[in-house]
2 protein chains.
Amino acid sequence: MTLDERKKRILESIIRDYVETAEPVGSRAMVKKHDLKISAATVRNEMADLEDMGYLEQPHTSAGRIPSESGFRYYVDCMMEKEPPGEREYALLQQLFEQNIEDWEQVILGIAHFLSQMTRYASFVIVPAIKFTEFRSLQLFPLDKGKALLLLVCDMGVIMHRIISIPELISSQDLQAITGMFNQAFRGKRLEEVKRSDLQLIRESLSQRRKIIDNALEAIDNLLQNSRDEKVMVSGALNILNEPEFKDMEKLKRILNVLEEDDSLRQIIPGELGEAVDIKIGRENPLEEIKEMSLVVAGYKSFGELGKIGVIGPVRMEYWKAVGTVETVRDIIEDYLKGLG
Amino acid sequence: MTLDERKKRILESIIRDYVETAEPVGSRAMVKKHDLKISAATVRNEMADLEDMGYLEQPHTSAGRIPSESGFRYYVDCMMEKEPPGEREYALLQQLFEQNIEDWEQVILGIAHFLSQMTRYASFVIVPAIKFTEFRSLQLFPLDKGKALLLLVCDMGVIMHRIISIPELISSQDLQAITGMFNQAFRGKRLEEVKRSDLQLIRESLSQRRKIIDNALEAIDNLLQNSRDEKVMVSGALNILNEPEFKDMEKLKRILNVLEEDDSLRQIIPGELGEAVDIKIGRENPLEEIKEMSLVVAGYKSFGELGKIGVIGPVRMEYWKAVGTVETVRDIIEDYLKGLG
DNA sequence: ATTAGCACTCAATAGAGGAGAGTGCTAACA
DNA sequence: TGTTAGCACTCTCCTCTATTGAGTGCTAAT
């Protein structure tokens, strides 16, 4: 279904006006504003056609037209030109990486912040679980009062620690022996491979130091459990307060609640993502709560896993800007991660 | 300024009704509801008195009365009976501590969550900086490619780490020597005492390994910087969406923004706190943005430092419940921390 | 000191009328 | 045949005007 040039121009004008003002667009006002070289009556005819095709709709008989979700979809698929961030913003983003190279957490936060600042929509960053990093070494440090620090070092700069209990009167040789045992067993394995079954194996082979090993194993299991979860970060959720379509309290509450809860958010975002930026408009979203919102998501490869970034805003979204920004940020992230590996 | 029994009863009835319904309370309806043994006319007279005293006010001539901020203040100071959480909730709270003993972060989050769930207001927890913990030991582990893990262990279970660069060809003896140096210099000191000047001292005394020491010092400095900041956690900010007084978008935005930004929040909360729970009602708050809200805060001692927990809600607050809950949670936290020290 | 009675006030609600923006249709035009 | 001007019509939004009703303050009686 392809539109002739004039219909396209009209559709685009309506979309741009509507996205800007959130008001239905009338034929006369539009002709004036966009300086189209045709009369309002002609535009009305074209609008009627576009409405028949399902790309426009009328809130009521005597109002202007607004783009339907199919209208936005057509625009996004066949007409849209992405609008990446400008020089200055781009520089700002890169700076983010340079400044906080040591602190990946900070970088992630910065990315989310940048996305929401740039687009004025809510943004999210999902960092995949780190189960694919490789185990490097394990250390036990005695602390005081029968406690020890268990330190788990992996590659990719992943380091985790826990405090465990140990018998008060254990020799440092014993401790070293146990440490060696663990290292032997785990060396070179991926974290996801270190399953309970492996842990069980060690437990059996070293029965004389059962207590301390049990504790250590439990701590490790716990750490792995944690690292198996992906991390979700949201920024700028309050931006939706500015959108007139959400002036209704109930709607607002529902949406903010979804954005606040990591689990609901995870459900919203598509599981699989291709190379291209993925766009879900309104009812294309599977979840009831956000059937009035649009989602712009991109996936990034992080140590072989799939991470996701994106923005979430009203259907009346500046898709050109959102897509341009999300895509740019994704590319920068991937470059950065490539540099690390 | 003390009120006679009847005036107190009337004031309390008005406060209870108003807190529940958010509507001005009229004489007739009140008499009926609370089954007071006096006539509406009498109540009207008393109300007029209470209004003269400044404890009540009228939105307009022909509306009922609502409690003024002074009215709430009088109630809170002279009449209120705290209402601590019930058995079940109390048990829930204690469970929180038992389950997550290893992960203080989790506990804090749980506390904030509990507070906001119980009271239905926004809650916050401020965890003081850990500058008063004592340095215990420092370790350097070589990782690959000229990198090492710097591990800083303090008492109270505080552990921090950073990755630093080291020369690729350094012997493990050298590394140990350097580690020993650091440990010597820092042992037993409080983190806040480890100032840049100390770091400078070490730097000079070991000039031959300048590069690695510089890196280590920078990392330590960085870590200390981080740990010097108190942590702020907010939960249930969206609860204010339910309060009818904030149905105005602009007001809502201002308040949510304050709750979202750690720094603004810090400014809101009183710096010094005594034993008792502190209550700030409406305009008693110094900051413009929350002059329409009330604050219930309690301080807790954490390793000699002052932490804070509390809730923030509309002036029309269930103070009895808020105070009871905050106080109970504070006590439990202090008990728990005492057990740790 | 308390209460019943009554006139008065004022916000909230509903309805009516008018203005304005926009449409669809028809007929004229290039 | 595509485009345009003209016009009647539609429908929301705004304003203006009762009307209602909860609540008060005052007065006089108990």
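Every chain is numbered from 1 and lettered A, B, ... according to where its sequence line falls, protein lines coming before strand lines. The structure presented is a predicted model; accordingly, all values stated were derived computationally and were not measured.
- OP1 and OP2 of C:dT2 both lie 4.0 Å or more from every side-chain N or O belonging to B:Ser39.
- Shown here are the side chain to side chain contact (heavy atoms under 4.5 Å, CB included) partners of B:Lys291, two or more places apart in sequence or in another chain: B:Arg283, B:Glu288.
- Remark: A:Asp35 engages A:Lys37 in a salt bridge (charged side-chain N to carboxylate O under 4.0 Å, His left out) (not counting sequence neighbours).
- Partners of B:Tyr121 under the ring-ring contact (aromatic ring centres under 6.0 Å, His included) rule, at least two apart in sequence or in another chain, do not exist in this structure.
- In this structure, A:Glu275 has no side chain to side chain contact (heavy atoms under 4.5 Å, CB included) partners at least two apart in sequence or on a different chain.
- Residue pairs meeting the salt bridge (charged side-chain N to carboxylate O under 4.0 Å, His left out) criterion with at least one partner in residues 78-87 of chain A, sequence neighbours excluded, are A:Lys82-A:Glu327.
- Rounded to an integer number of Å, the gap from CD1 of B:Ile38 to P of C:dA4 is 12 Å.
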Enumerate the protein-to-nucleotides 25-28 of chain D contacts in which both atoms are nitrogen or oxygen and the separation is below 3.5 Å.
residue : atom : partner : partner atom : Å
D:dG25  : OP1  : B:Arg65 : NH2          : 3.0
D:dG25  : N7   : B:Arg44 : NE           : 3.2
D:dG25  : O6   : B:Arg44 : NH2          : 3.3

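- The pair B:Lys251-B:Glu245 does not count as a salt bridge, with every side-chain nitrogen at least 4.0 angstrom from each carboxylate oxygen.
- Residues passing the salt bridge (charged side-chain N to carboxylate O under 4.0 Å, His left out) test with B:Arg9: none are found, sequence neighbours excluded.
- Not counting sequence neighbours, the partners of A:Arg73 by the side-chain hydrogen bond (donor to acceptor under 3.5 Å, both in side chains) test are A:Asp77, A:Glu284.
- Between the CD atom of B:Glu46 and the C1' atom of D:dG23 there is a distance of 18 Å, given to the nearest Å.
- Using a 4.0 Å cutoff on non-hydrogen atoms, the parts of residues 16-35 of chain A near DNA chain C are A:Gly26, A:Ser27, ordered by number.
- Applying the side chain to side chain contact (heavy atoms under 4.5 Å, CB included) criterion to A:Ser264, with sequence neighbours excluded, gives A:Val258, A:Glu261.
- Listed by chain and number, the residues in a side chain to side chain contact (heavy atoms under 4.5 Å, CB included) with B:Ser39 are B:Ala41, B:Thr42 (sequence neighbours excluded).
- Toward the 5′ end of DNA chain C lies the nearest nucleotide of B:Arg6, the other residue of the pair B:His60 and B:Arg6 mapping further downstream.
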What dot-bracket string describes DNA chain C from 5' to 3', counting Watson-Crick and G-U wobble pairs whose defining distances are under 3.5 Å, with [ ] for crossing pairs and | for pairs to another strand? ||||||||||||||||||||||||||||||
